[in-house]
Structures are given as C-alpha cells and as structure tokens.
Colleague: 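Please read through the structure below; I'll follow up with questions.
Order of the sequence lines fixes the chain letters, A, B, ..., with proteins taken first and strands second; residue numbering starts at 1 for each chain. Computed over heavy atoms, backbone and side chain alike; hydrogens, waters and symmetry mates excluded.
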Amino acid sequence: MNLQVGRAKTDPLVHHGRHFGRTIQAFCRVQSLVQNGLTVTIQIELGRTSEDQLNIGERREYEIYKQLLGLSPMLEERLCTGSPQEIYYISEMITKGSSSARSDDTKSLKSVIVDWITPPNGILSPPLQRHVKTDRGFYHPTTGGLLCPVNLDWGNTKIREELRSGVLVPSGDQWPRFLYQSCEYNPEDPWNGLLQSGLLVSAYKHVFTSPSSVDSREPRATRSCNARLHGMTSTMIGSLAYIATQVRFALSSSPVFSRTDLVTDSEYFYNSVVELLEDPEEQAEVRQLLAWWDRSV
DNA sequence: CTGGGTGCTACTGGGTACGG
DNA sequence: CCGTACCCAGTAGCACCCAG
C-alpha cells in the first residue's frame, strides 16, 4: 500500500520552464520552438543545411532552442529519442512553468510596486490600492508619468487627456519614461540611463534575488533565491526585457496580462527591448549595460 | 441578435519545502 | 521549529461559437 501523502513531485521540467520564461524567452510557443529546433538539428546533422544558411528569424529561434536545452541536462536526449507524445508533454511542462512563474511575478509585483513609486517619506496622491489596478495607468499622475512615452510630454494637459481617453495609444516600441534612470531621457544620447532605473532594479531584485533583498542590505531571505536556484550568475538580455515588461504591466491599469492585448501590447514591447539589446550595432553599449546590472544587483 | 455552451488562460488563496 | 518564498490547485473570467 502506498502511504505517500501529499502531492506527487512535480516534473523538474516545470522548474526549468520557470527559468526559461524569466530569462530566455517570455512569450514562447514552446511547441513549435521544439519542433523546429529538432528539425533544424536533424537537417544540420545530415549536412543539408548549416546555421549560417538559416535566415535571421530561424537562427534566432534555433539559438533560443539551444539555450532551452542548456537548462536541463537530459532534455536534448529526451527530445531526440522521445515519441511525439513525449515531446508534446515536455513542451507542455516548459510552458506550464514559464506561465506560472509569470503569473506569480505579476501577482507579487502588483502590490509592491505601489511602495516603490511612493516618494520616500512621502505619500502618493491620490493614493493607490495595492491590489486594485483600475486607477493606475494614465488615470493616475504618477503611473501615467512613468508610462508616458519619452517622445510625449506628460506635463501637457492635452496629451494627458488623450492618453487617458484612449485617443492616443502608445505602441509597444514607444518607450515609457520609467525605463530611464531618474526618468530622464536625453534625445541627444538615447542610451544614457536607458534600462537603468531604480524601479527596474527593485523589480529585478524582487524576482531574482528575493523580495526582501530589495530594500534592505541585510536580506531576511530564508530560502535560496531564484537566481541561485537556477545557477544564474549574470544578467541576461531576456531577463531585463522580462522585468521591464512586468513593471510596465504593473503600472498599467490593465487587469489581465495578455500577450495579445492591444492596449498593453506586452509581447511587442518585450520583443522590441530584446531586439534592441541583440542589435549587433549596439553591442558596445549593451555590454556596458549588462556590466552595470551585474554590479547593481 | 442573444443566451448558453465550450474551451482556454490568467488570477488567487493557500500549502509546503527549505534554510537558518 | 519558524518564517519566508516557491509553487500549485482550483476557479473566475474572457472570447468564441452556434442554435434558436
């Protein structure tokens, strides 16, 4: 008789899926990523193609696939020898992990972000409820200012009104002011302070080095943080884009996180950040940025 | 057009494992 | 043992479909 109480141990793939979504590719169709990855691998092994012959999109997808394989020691073998059902199951477990981590992060950032945007030793006016989002976004002077694209002037009443009423809907590639250190954007030097805001650092620490590591030098953590749990030693491009997307959503008034939602446009925003950080022409700046993050976290 | 059925996905509350 | 942070099961809520 099986006396085991409690639930069955969850598949470690779910655990890897959590890290995959947070640091490698947040909005991933794992099923097709894996299918295409396997196909390309076989084609390369047969000498029918090589990595250089893949187009930009295919090569990028293949890179992501290889990073996924790197997360779990036996994964590649399981995929190569597995039945279609097994492959389907594996993809499902990765997807499950990645979306459950995403929703956990969405949930906890939703309330703590209110603390972070409250002025030190001051109050937020009007106040915002920690678990209610309806009056965030462009309905609130603070969240509105943070979300307002850098090419628009939040101080302008007409602009403010148009953003609030939805006449003006910023797209995912118009960058909100909160991405910049101290919210200062310099059109002459667009890299200056980009992706270096305190808000981002707080959110990054919250997710990767534990919630209590955000405000105190002496973390009260009683468990290993996510970064340590997954052997993460340096800042990854995907993780920056992920955190920026989470913060952007937490500031918005949208109640439901959806990849396709036209107002929030999270997936497009995420991809725009990744695209910038992977742009070969920007690599010098990006290297500096990642080094800055490694020092700050 | 509309009411109910269906499938899907994200949110929530709570459980539990882990490190001290 | 305790407090914290990861993780999950269950369900609310949405979009879509289709018969009436």
Colleague: Given atom CZ of A:F257 and atom C1' of C:dG13, what is their separation to the nearest angstrom?
Modeller: 17 Å
Colleague: List the steps and the verdict of side chain to side chain donor-acceptor pair (under 3.5 Å) for A:D294 and A:T235.
Modeller: CA-CA 6 Å; A:D294 288 339; A:T235 310; 2.7 Å; yes
Colleague: Let's go through A:W293 and A:Y204 carefully: what are the C-alpha distance in whole Å and the side-chain angles of both, what is the deciding distance for ring-ring contact (aromatic ring centres under 6.0 Å, His included) to 0.1 Å, and is it a yes or a no?
Modeller: CA-CA 10 Å; A:W293 271 94; A:Y204 199 96; 4.9 Å; yes
Colleague: Taking CZ from A:F208 and P from C:dA5, how many angstroms apart are they, rounded to a whole number?
Modeller: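 Distance, rounded to whole Å: 16 Å.
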Colleague: Among side-chain atoms of A:Y268 and A:S171, is any donor-acceptor pair under 3.5 angstrom?
Modeller: no
Colleague: To the nearest angstrom, how far is A:R130 atom CZ from B:dC11 atom P?
Modeller: 18 Å
Colleague: Donor-acceptor pair under 3.5 Å: do we get one between A:D105's side chain and the base of C:dC6?
Modeller: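 It does not, because no donor-acceptor pair links the side chain of A:D105 to the base of C:dC6 below 3.5 Å.
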Colleague: Determine: side-chain N/O of A:K110 to OP1/OP2 of B:dT12, distance under 4.0 Å, yes or no.
Modeller: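 Indeed, a polar side-chain atom of A:K110 lies that close.
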Colleague: CG of A:L109 versus C1' of B:dC11: gap in Å, rounded?
Modeller: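 Spelled out: CG on A:L109 to C1' on B:dC11 is 14 Å.
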Colleague: Is the shortest side-chain N/O distance from A:R18 to OP1 or OP2 of C:dC7 below 4.0 Å?
Modeller: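 It does, given that an N or O in the side chain of A:R18 lies less than 4.0 Å from OP1 or OP2 of C:dC7.
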Colleague: What is the distance, to the nearest angstrom, from the NE2 atom on A:H16 to the P atom on C:dC6?
Modeller: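 In whole Å, C:dC6 P and A:H16 NE2 are 16 Å from each other.
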Colleague: Below the 4.0 Å mark, does B:dC11 have OP1 or OP2 next to a side-chain nitrogen or oxygen of A:R102?
Modeller: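 Result: yes.
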Colleague: Out of B:dC11, C:dC8, B:dG13, which has the shortest distance to the side chain of A:V14?
Modeller: C:dC8
Colleague: Within a 6.0 Å radius of atom CD1 on A:I56, are there more than 12 heavy atoms belonging to other residues, nucleotides or ligands?
Modeller: no
Colleague: Hey, where does DNA chain C pair up into stems, meaning at least three consecutive Watson-Crick or G-U pairs with distances under 3.5 Å?
Modeller: B:1-20 with C:1-20
Colleague: How about A:D105 and A:Q246: does a side-chain donor come under 3.5 Å of a side-chain acceptor?
Modeller: no
Colleague: Does the side chain of A:H15 get closer than 4.0 angstrom to OP1 or OP2 of C:dC6 through an N or O atom?
Modeller: no
Colleague: Crowded around A:Q283 CD? As in, over 12 foreign heavy atoms under 6.0 Å?
Modeller: yes
Colleague: Between A:K110 and A:F257, is NZ or CZ placed under 6.0 angstrom from the six-membered ring centre and within 45° of the ring axis?
Modeller: no
Colleague: Nearest-Å distance, CG (A:D104) to C1' (B:dC11)?
Modeller: 10 Å
Colleague: Atom CG of A:L13 to atom P of C:dC8: distance rounded to whole Å?
Modeller: 12 Å
Colleague: Could you give the CE-to-P distance, from A:M93 to C:dC7, as a whole number of Å?
Modeller: 15 Å
